[in-house]
Visitor: 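Before anything else, here's the structure in question.
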Amino acid sequence: MHWMGLLSLSSLVVVSWVTAYKKMTPVSQVVEVVEEEEGTVHGIVWRRTMEIKEENRKDAVGVMVKEAVKEEEEEEEEGPVRSEEMVNAVGVMVKEAVKEEEEKEEEGPVRSEETMVNAVGVMVGQIVEDKLQGCHIMFLSSSSSPAVHSPIVNSILRHTTAKTRSSLVVVTVTSGQQQDLEQSMWGNTFTTCRAIIMYFTDHDNNNNNNTELVFGSLERAGLWKLPETRVVMVGPKNGMEGRLFQSSLRNTINWVDERVLVYRRCLYCNTHGQPGLQLLFQWNLTELHLDRLSQYPHLLNDPLSDLKGHTFRVATISYFPYIDYKRDNEEPGTTVTPLDSVNVRILDALANSLNFTYDMREDPSRSFGNLETDGMYSGMMGQLQREEADFCTMLAPTPGRLKVVDYLRLTPSDAFVIASLKPSVLPANLALVRPFSRNVWVCVMACVVGWGLVLWMLQGVWSALTGLHTITLAKAIEYSWSVILENSAKDPSVNISGQMLVGWWLVFCLVISTGFSSSLISHLTVQGRSRAPESLGDLVEQEGWTWGTEPWAYNGATLEYFSKHTDTIVKQIHTNMQVLVLEKAMNKVLAGGFSFVIVKNYILVIIASTYTDTYGQSAVYVSKKEFSALACYGWGIRMGAPFLNQFITLHAHLEDTGIIETWTKTIMADRVSSNREKTKLDSNTPQQLSLQDDQRQVVLSLSHLQGAFYLLGLGCVAGALGLMAELFLLVV
């Protein structure tokens with residue numbers, strides 16, 4: 001009896017151990033199957049983990065031993081018959097247990113594969129439901145890849161279609177399909193976002209042509225220009241990192257690589273803000289904790305609130321008060337030390353908020369950028385187009401530029417003004433003729449002679465018809481002169497028509513003499529001044545006048561404005577525009593007959609710092625009229641930069657507070673004060689003293705009336721010349 005009890009106990013133990021062993025055996029097999037067949041959904045990796053701990057196994061064996069001992073005691077009481085039946089039953093149980101475990105062992109890999117395929121589809125569907133709802137989704141794979149026939153693809157599409165309320169397009173990439181791929185990626189007007197799901201297999205890892213075909217097509221379709229596009233990638237772990245850092249995905253903010261572990265590819269998460277991968281959490285295929293996705297609200301749309309000290313490459317050229325710097329050396333493209341200016345304050349505010357630094361360099365050509373014949377831009381625009389810089393300061397938008405770069409608007413554009421020599425007092429010797437313009441004087445003289453000629457002809461016709469006496473031509477012209485000089489002679493008319501003609505002449509002379517007298521008085525009491533140009537039209541109209549600007553201000557968008565303008569005046573300004581350095585241009589302004597066409601805030605600082613005395617008097621006049629050649633000022637951003645939206649949001653906050661305008665005024669005032677302290681300028685020129693004398697009461701002096709004496713002298717000379725002519729004729 002005792003040996004039969006031991007046999008029964010050992011049989012139960014064997015069955016228990018066999019069962020436990022069989023349950024443990026599929027662990028390595030399942031892991032191998034998962035490792036061979038597992039797929040990734042761009043950052044989330046799946047692994048089935050099945051472990052039976054040693055402690056749990058020992059506890060299970062102990063319980064079974066106790067139950068076996070209890071049954072043995074009961075069997076001893078029932079007798080030998082019961083023991084023999086027990087032995088037979090144990091044998092049958094062992095056979096059935098071994099057979100059952102063998103069947104489960106055969107079905108294990110198949111069930112594991114089905115579980116993994118379904119789990120990947122469920123997970124991708126959950127991501128679509130939670131993160132991509134309302135998006136235009138494009139499922140992308142290579143036409144030559146076995147992925148198009150994979151059960152995982154069918155599972156993904158089935159669960160994605162069931163979860164999404166958006167448009168779904170399935171695209172298999174072939175060579176020469178760039179246009180169709182670009183149209184599929186852009187989506188339609190009914191979706192609010194854009195997403196791409198890509199699937200790769202081990203075959204794609206071994207065949208680089210498939211991978212290059214997919215990512216090359218995305219590069220040509222312009223995915224790098226759309227940083228807001230969300231990308232989900234499914235595939236094996238091998239080759240994952242290489243796919244994540246493809247050039248076509250260089251501006252993609254967040255995308256997930258799914259496998260057995262949940263990863264997030266980030267742009268600025270590593271040391272010094274470099275791109276990298278972040279492991280978020282681990283998954284178990286048998287327990288899909290889909291609610292864990294809610295713990296990562298920015299899994300696919302990271303707002304980039306912290307750039308982790310990333311260093312941006314900034315291109316610049318000097319344009320005070322908006323950007324100013326000190327060059328570290330004289331080499332082209334040198335690094336610079338930023339000085340206090342509007343763009344530097346905005347840049348520092350953004351850097352403090354987003355946690356980044358910047359390396360600022362002067363553009364080697366010191367040019368904003370012009371479009372070359374090969375379709376590429378020069379200057380700072382060229383650096384952005386070639387992605388040699390992340391952004392540049394002080395750039396104006398144009399239709400051509402916006403095709404190759406993105407743009408951040410900062411401030412309204414600075415209007416252009418015309419700086420000229422301040423209007424001076426007109427020469428007093430011409431005060432008598434200044435009341436009328438040249439055209440008026442010519443018309444008056446013509447009327448004097450013409451009216452006398454008409455009067456002589458009418459009287460001559462009347463005399464010929466009636467035989468009465470007439471007047472001579474000299475008498476008629478003498479009368480016209482005497483009336484306009486307010487010292488009329490006797491009326492020479494001999495009939496009614498002649499008297500009517502004389503009457504209208506008297507009215508004309510009254511108007512002319514009254515206007516001349518009043519204008520002469522005003523010109524004698526208030527000294528006239530030369531007229532400074534107020535517009536581009538004034539520059540063109542003034543005879544012998546020239547104009548120019550600085551080299552840095554006459555390139556890029558400004559040059560494009562003047563060169564492509566259709567107005568005739570602007571064309572003439574462009575044709576005759578002189579390009580001079582600041583010092584030479586200002587010297588020509590002070591010499592007169594030259595105007596400096598330049599932006600307002602820049603020239604106001606120059607004039608207040610260098611060309612204004614301690615009394616606030618300046619010899620330079622800035623036109624009251626302004627004209628704008630540019631739409632606005634801002635930063636050029638390389639195409640597809642993922643940080644653009646954050647820059648726009650933070651700048652909008654600064655602009656809403658009104659701080660940027662205050663900064664501009666403060667920076668200009670500080671620079672003027674600093675410059676004047678360095679130069680100690682105090683220039684009291686005769687021009688400035690004459691401006692002060694104008695405020696006193698004016699008493700007519702010889703200088704005011706010298707024109708009358710000049711006319712008297714001219715009359716005497718004319719009389720002498722007439723006498724000589726008469727004597728010559730008499731002798732002859």
Side-chain angles (χ1 to χ4, degrees), residues 317-324 339-342 394 411-425 529-536 538-539 542 545-554 558 573 577-630 633 661-692 694-695:
I317 61 174
S318 181
Y319 181 4
F320 189 84
Y322 301 99
I323 182 64
D324 195 21
L339 301 178
D340 190 23
S341 53
V342 177
M394 283 313 300
T411 60
S413 64
D414 197 359
F416 277 81
V417 293
I418 301 173
S420 310
L421 182 65
K422 182 164 285 188
S424 58
V425 178
R529 296 184 177 278
S530 58
R531 187 170 64 93
E534 289 286 349
S535 64
L536 297 180
D538 294 341
L539 295 178
Q542 296 198 29
W545 206 269
T546 57
W547 51 87
T549 188
E550 278 198 86
W552 66 265
Y554 205 61
T558 304
I573 292 292
M577 182 72 75
Q578 301 179 24
V579 180
L580 308 170
V581 296
L582 175 64
E583 183 177 359
K584 186 175 181 180
M586 293 305 296
N587 289 337
K588 295 191 69 172
V589 168
L590 296 177
F594 180 86
S595 292
F596 193 34
V597 182
I598 197 65
V599 286
K600 181 179 180 180
N601 287 339
Y602 172 75
I603 194 61
L604 289 180
V605 173
I606 299 298
I607 294 174
S609 301
T610 311
Y611 299 94
T612 303
D613 62 16
T614 54
Y615 298 103
Q617 300 289 340
S618 175
V620 180
Y621 173 79
V622 178
S623 63
K624 299 294 188 298
K625 294 183 179 179
E626 307 170 356
F627 68 95
S628 296
L630 307 175
Y633 288 154
E661 183 177 357
T662 302
W663 281 349
T664 304
K665 296 178 180 179
T666 302
I667 290 170
M668 293 176 62
D670 292 344
R671 178 58 61 88
V672 170
S673 177
S674 175
N675 290 344
R676 292 185 65 84
E677 288 180 1
K678 293 179 181 179
T679 58
K680 300 295 184 181
L681 180 64
D682 185 12
S683 57
N684 295 319
T685 62
Q687 173 67 29
Q688 294 161 341
L689 293 177
S690 66
L691 293 177
Q692 298 174 4
D694 289 344
Q695 300 175 359

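Quantities reported herein were computed from a predicted structural model and do not represent experimental measurements. These values consider heavy atoms only, across backbone and side chains, with no hydrogens, waters or symmetry-generated copies. Residues take their numbers from the sequence shown, with the count starting at 1.
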Visitor: Sort out for me which residue in I323, V599, V342 forms a side chain to side chain contact (heavy atoms under 4.5 Å, CB included) with Y633.
Guide: V599

Visitor: Given 3.5 Å as the limit, does a donor-acceptor pair link the side chain of S628 with the main chain of A415, or not?
Guide: no

Visitor: Looking at every heavy atom in both Y554 and V579, which two are closest together, and how far apart are they?
Guide: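 Answer, listing the atom of Y554 first, then V579: CD2-CG2, 4.1 Å.
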
Visitor: Between W547 and V597 (side chain of the first, backbone of the second, donor and acceptor by atom type, cut-off under 3.5 Å), is there such a pair?
Guide: no

Visitor: When rounded to the nearest 0.5 angstrom, what distance separates CD1 in I603 from CD1 in I598?
Guide: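 Nearest 0.5 Å value for the CD1-CD1 distance: 6.5 Å.
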
Visitor: Please answer whether the main-chain N or O of T662 pairs with a side-chain N or O of T666 as donor and acceptor at a distance below 3.5 Å.
Guide: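 Yes: the side chain of T666 pairs with the backbone of T662.
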
Visitor: Specify the closest pair of heavy atoms between M668 and N601, including all atoms of both residues, with the distance to one decimal.
Guide: CE-O, 3.6 Å

Visitor: Could you tell me whether K600 and E626 make a salt bridge, using a distance below 4.0 angstrom between a side-chain N and a carboxylate O?
Guide: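 E626 and K600: salt-bridged.
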
Visitor: Taking the side chain as C-beta and beyond, is there a heavy-atom pair between P423 and R531 under 4.5 Å?
Guide: no

Visitor: Nearest 0.5 Å please: distance from the CD1 atom of I607 over to the OG1 atom of T612.
Guide: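 Going from CD1 on I607 over to OG1 on T612, the span is 7.0 Å.
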
Visitor: Please confirm whether the backbone N or O of V605 pairs with a side-chain atom of S609, one donor and one acceptor, at under 3.5 Å?
Guide: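 Pair found, side chain donor or acceptor close to backbone of V605.
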
Visitor: What pair of heavy atoms forms the shortest contact from A619 to L590, and how long is it?
Guide: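 Where A619 meets L590 most closely, the heavy atoms are CB-CD2, 4.1 Å.
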
Visitor: Side chains of F596 and L580: does their closest heavy-atom pair fall under 4.5 Å?
Guide: no

Visitor: Can you measure from NZ (K625) to CG (L536) and round to the nearest 0.5 angstrom?
Guide: 10.5 Å

Visitor: Mark yes or no for whether R676, through its side chain, and R671, through its backbone, hold a donor-acceptor pair below 3.5 Å.
Guide: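 No; judged by distance alone, with no hydrogens or angles, the pair does not exist.
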
Visitor: Any chance the rings of Y322 and W663 have centres within less than 6.0 Å?
Guide: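 Ring-ring flag for Y322/W663: false, centres at least 6.0 Å apart.
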
Visitor: Looking at CG of L539 and OG of S595, how far apart are the two atoms once the value is rounded to the nearest 0.5 Å?
Guide: 5.0 Å

Visitor: Flag the pair L604 / V622 as yes when at least one side-chain heavy-atom distance between them is below 4.5 Å, and no otherwise.
Guide: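 A side-chain contact exists here, since the closest heavy-atom pair is under 4.5 Å.
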
Visitor: Give, for atom OH of Y602 and atom CZ of F416, the distance between the pair rounded to the nearest 0.5 Å.
Guide: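 If I round to the nearest 0.5 Å, the distance is 12.0 Å.
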
Visitor: Stepwise, does the side-chain hydrogen bond (donor to acceptor under 3.5 Å, both in side chains) test hold for K422 with Q617?
Guide: CA-CA 10 Å; K422 182 164 285 188; Q617 300 289 340; 4.7 Å; no

Visitor: How about F594 and W545: are their ring centroids closer than 6.0 Å?
Guide: no

Visitor: Do L421 and V620 touch side chain to side chain, with heavy atoms closer than 4.5 Å?
Guide: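 The answer is no; the side chains never approach within 4.5 Å.
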
Visitor: Any side-chain donor paired with an acceptor under 3.5 Å for D324 and S341?
Guide: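 No, no side-chain donor-acceptor contact under 3.5 Å.
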
Visitor: Show your working on side chain to side chain contact (heavy atoms under 4.5 Å, CB included) between F627 and V417 and close with a plain yes or no.
Guide: CA-CA 7 Å; F627 68 95; V417 293; over 6 Å; no

Visitor: Would you compute the distance between atom CD1 of I606 and atom CG of N675 and round it to the nearest 0.5 angstrom?
Guide: 7.5 Å

Visitor: Looking only at atom types and distance, does a side-chain atom of Q578 sit under 3.5 Å from a main-chain N or O of T549, one as donor and one as acceptor?
Guide: no

